[in-house]
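Remarks on the structure that follows.
What you see below is based on every heavy atom in this structure, not just the backbone, and it leaves out hydrogens, waters and symmetry mates.
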Amino acid sequence: LWRRIGNGIWKGDAMSDLVVLITKAFDFTARKHVGQRRKGADQEPYVNHVAEVARLLAEATNGQDPVLIVAGLLHDTVEDTDTTYEKLKAEFGQEVANLVLEVTDDKSLPKDVRKRLQVETVGKKSDRAKMLKLADQQSVRDHQQPTDRLVLEAAEGYFEWAAQVAEGCRGVNGALDEAFDAAHVAGIEVLVGSKSNF
Ligand code: ZN
């Protein structure tokens, strides 16, 4: 049932190896994101975001794709921490490392270019990368707590952009498509509701 990933990480088909792999990824990502906080009023620890993405992926695939779940936990480590592709490959195997790389932006480009490229390129990515992006786009709590009008307007722009990225990810996993739509509608409702505050 399970495919082997990496050298020496995965010694058999035993569930226990999977448990070790996933908890190892959780520990790794928590340490790497240790000082980072999400935007938004609650200032949640960043690791809350990657935990949510991994949980969404696990639920949407009924726990059948550990590579996807591990990559979900690690998906922002190369982009936002000092983690390298080589390190991920050594610790978690090439399949995981390649998937993380597929959803990693080129940080040398300006932010608006990176966002445009995401919309343009996501449709050509692998099914796993599309699922990961879709889960990433619906983990949006930090955009739902605008503290002033400027933040509110930025959040509206974010939701518009997220919908464009999501468009290119649809059709791989129905549960994720539906979950994105529900999160998106709920998020916009919160934004609209908060408008009267400013
Ligand atoms: Zn993310």
Give a yes or no on whether [X] and [Y] share a hydrophobic cluster (residues Ile, Leu, Val, Met, Phe, Trp, Tyr; joining criterion: side-chain heavy atoms under 4.5 Å apart).
X	Y	answer
V103	L101	no
L176	V185	no
V96	L56	no
V78	F26	yes
F159	V119	yes

Pair Y85-Q94, side chain to side chain contact (heavy atoms under 4.5 Å, CB included): steps then yes or no: CA-CA 9 Å; Y85 169 84; Q94 184 155 21; 3.7 Å; yes
Heavy-atom pair of closest approach, residues [X] and [Y]:
X	Y	answer
L73	I22	CD1-O, 3.7 Å
M131	L57	O-CD2, 3.5 Å
A54	G72	CB-C, 4.4 Å
T104	H75	OG1-O, 4.3 Å
A71	L99	CB-CD2, 3.5 Å
V165	Q137	CG1-NE2, 3.7 Å

Pairs meeting criterion salt bridge (charged side-chain N to carboxylate O under 4.0 Å, His left out) with involvement of residues 168-184, two or more places apart: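 Sorted result for residues 168-184: E167-R170, R170-D181.
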message: I'd like to know whether L88 forms a side chain to side chain contact (heavy atoms under 4.5 Å, CB included) with T77, so could you lay out the CA-CA distance, the side-chain angles of the two residues, the decisive distance to 0.1 Å, and finally the verdict.
response: CA-CA 9 Å; L88 289 185; T77 56; 3.9 Å; yes
Sub-3.5 Å donor-acceptor pair from the side chain of [X] to the main-chain atoms of [Y], do we have one?
X	Y	result
E102	R128	no
T29	A25	no
E44	R38	no
D148	L150	yes
K32	D82	no
N173	A60	yes
K24	E91	yes

- request: Run the salt-bridge test on K107 and D80 with the 4.0 Å N-O cut-off and return the result as yes or no.
  value: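 Salt bridge flag = yes for D80 with K107.
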field: NZ (K125) with more than 12 external heavy atoms under 6.0 Å
entry: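 Enclosed: over 12 neighbouring heavy atoms sit under 6.0 Å from NZ of K125.
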- request: Look at atom CZ of R114 and say whether more than 12 heavy atoms of other residues, nucleotides or ligands are closer to it than 6.0 Å.
  value: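 Yes - once you tally the heavy atoms of other residues, nucleotides and ligands closer than 6.0 Å, there are more than 12.
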Gap between atom [atom2] of [Y] and atom [atom1] of [X] - 0.5 Å precision:
X	Y	atom1	atom2	answer
L74	K87	CG	NZ	11.5 Å
K124	K130	NZ	NZ	10.5 Å
K195	L152	NZ	CG	6.0 Å

Using a 4.5 Å cut-off on heavy atoms from C-beta on, say whether the side chain of [Y] contacts that of [X].
X	Y	result
P45	R37	yes
K115	Q164	no
I69	D65	no
F28	T83	yes

- prompt: Remaining members of V34's ILVMFWY cluster at a side-chain heavy-atom cut-off under 4.5 Å?
  reply: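 So far as hydrophobic clustering goes, V34 is joined with none.
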- request: Run through the side-chain heavy atoms of Ile, Leu, Val, Met, Phe, Trp and Tyr, join any pair under 4.5 Å, and report what else lands in L117's cluster.
  value: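 For the cluster that includes L117, the remaining residues are L109, V113.
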- request: State which residues pass salt bridge (charged side-chain N to carboxylate O under 4.0 Å, His left out) with D112; sequence neighbours excluded, sorted by chain then number.
  value: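 Scan of D112 (salt bridge (charged side-chain N to carboxylate O under 4.0 Å, His left out), adjacent residues dropped) gives none.
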- request: Please work out whether the ring planes of Y46 and H49 are parallel, tilted or perpendicular, with thresholds of 30° and 60°.
  value: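 Y46 vs H49 ring planes: perpendicular.
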field: Listed once per pair and sorted, the ring pair (Phe, Tyr, Trp, His ring centres under 6.0 Å) pairs that draw on residues 102-121, sequence neighbours left out
entry: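 Sorted result for residues 102-121: empty, none.
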task: Any ring pair (Phe, Tyr, Trp, His ring centres under 6.0 Å) involving residues 94-115? Give me the pairs, sequence neighbours left out, ordered by first then second residue.
output: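 Qualifying pairs: none.
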